[in-house]
Amino acid sequence: MYNAEPHSAIRDARVTAVIERLQATRRAPVRGNTMQSGSRDPHDYAEQGFSIHPEQGELIYLLCRGLRAKRVAEFATSVGMSTLYFAAAIRDNGGGTVIGSEIVPAKVAAAKRNLAEAGLADYADIREGDARKTLRDLGGPVDFILIDGWPGDKGRRWRAR
């Protein structure tokens, strides 16, 4: 029999509470905002979190647990939804670091608040600025990386160099 109840591999109530809150407050772009105007400036979306969905987060968590990941990196942290899954996996693997980058200062602050609320702040290093610069030096090899950047000029995705 199919169970329609959501299932999570993460058993920490603090983490799941933050994920559920972020999911509940996920907003679709409203008519007339800058997204409708086609702006490519990520600062125009400081109030709009662009995040993975919980199903994608569960996959990230399980992959990182299976890899026994200790160091991961993410290009475009936004408000920290994916970072929560990464940090939970790293913690559950015995420790390590998620190195994230976000260009919008308000989103960096939101991601840090979300990680602190979930009890995962010690497992994340969120760097403010353009990921093409902030992620140049990761301090060594990483076990997993998520590249989820913002489209640059002319709609092309930024490329990590």
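Atom CG of Asp92 and atom CG of Asp12 lie 7.5 Å apart (nearest 0.5 Å). Atom CD1 of residue Ile60 and atom CD1 of residue Ile52 lie 4.0 Å apart, to the nearest 0.5 angstrom. A distance of 9.5 Å separates CD1 in Ile19 from CD in Gln23, rounded to the nearest 0.5 Å. Residue Tyr85 holds its OH atom at 5.5 Å from CD1 of Ile10, rounded to the nearest 0.5 Å. Note that the CZ atom of Phe75 and the CG atom of Leu135 stand 7.0 Å from one another [nearest 0.5 Å]. Atom CD1 of Ile126 sits about 4.5 Å away from atom OG1 of Thr83, to the nearest 0.5 Å.
Minimum interatomic distance between Ser8 and Glu58 (heavy atoms only, all atoms of both residues): OG-OE2, 2.6 Å. For the pair Ala76 and Asp148, the tightest heavy-atom approach, listed with the atom from each and the gap, is CB-O, 2.9 Å. In terms of heavy atoms, Glu74 sits closest to Val98 at OE2-CG1, 4.5 Å. The two atoms that bring Val142 and Ala73 nearest to each other are CG1-CB, 4.4 Å, heavy atoms only. Nearest approach of Pro105 to Glu128, heavy atoms of both residues: CG-OE2, 3.4 Å. What you find for Leu120 and Ala88 is that their closest heavy atoms are CD1-N, 3.8 Å.
With respect to Glu117 and Arg21, a salt bridge is recorded, a charged nitrogen being found less than 4.0 Å from a carboxylate O. Look at Arg132 and Asp130 and you find a salt bridge, because one of the NZ, NE, NH1 or NH2 atoms lies within 4.0 Å of a carboxylate O, short of that distance. Looking at Arg91 and Asp122, no side-chain N of the basic residue comes within less than 4.0 Å of a carboxylate O on the acidic one, giving no salt bridge.
Counting only heavy atoms from C-beta outward, the side chains of Leu22 and Asn114 approach each other to under 4.5 Å. The shortest distance between side-chain heavy atoms of Val72 and Ile145 does not fall below 4.5 Å.
Under the 3.5 Å distance criterion, the side-chain polar atoms of Thr97 are left unmatched by any main-chain donor or acceptor of Ala124. Remark: the backbone N or O of Gly100 is not paired with any side-chain donor or acceptor of Arg127 at under 3.5 angstrom. The backbone N or O of Ile99 sits nowhere less than 3.5 Å from a side-chain atom of Asp125 that would complete a donor-acceptor pair. The main-chain N or O of Ser78 is found under 3.5 Å from a side-chain atom of Glu102 such that the two form a donor-acceptor pair. Judged purely by atom type and a 3.5 angstrom limit, Asn93 uses its side chain to pair as donor or acceptor with the backbone of Cys64.
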Can you list the steps and then say if Thr77 with Val108 is a side-chain contact (heavy atoms from CB on, under 4.5 Å)? CA-CA 8 Å; Thr77 298; Val108 172; over 6 Å; no

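Partners of Phe86 by ring pair (Phe, Tyr, Trp, His ring centres under 6.0 Å), not counting sequence neighbours, listed by chain and number: Phe144.
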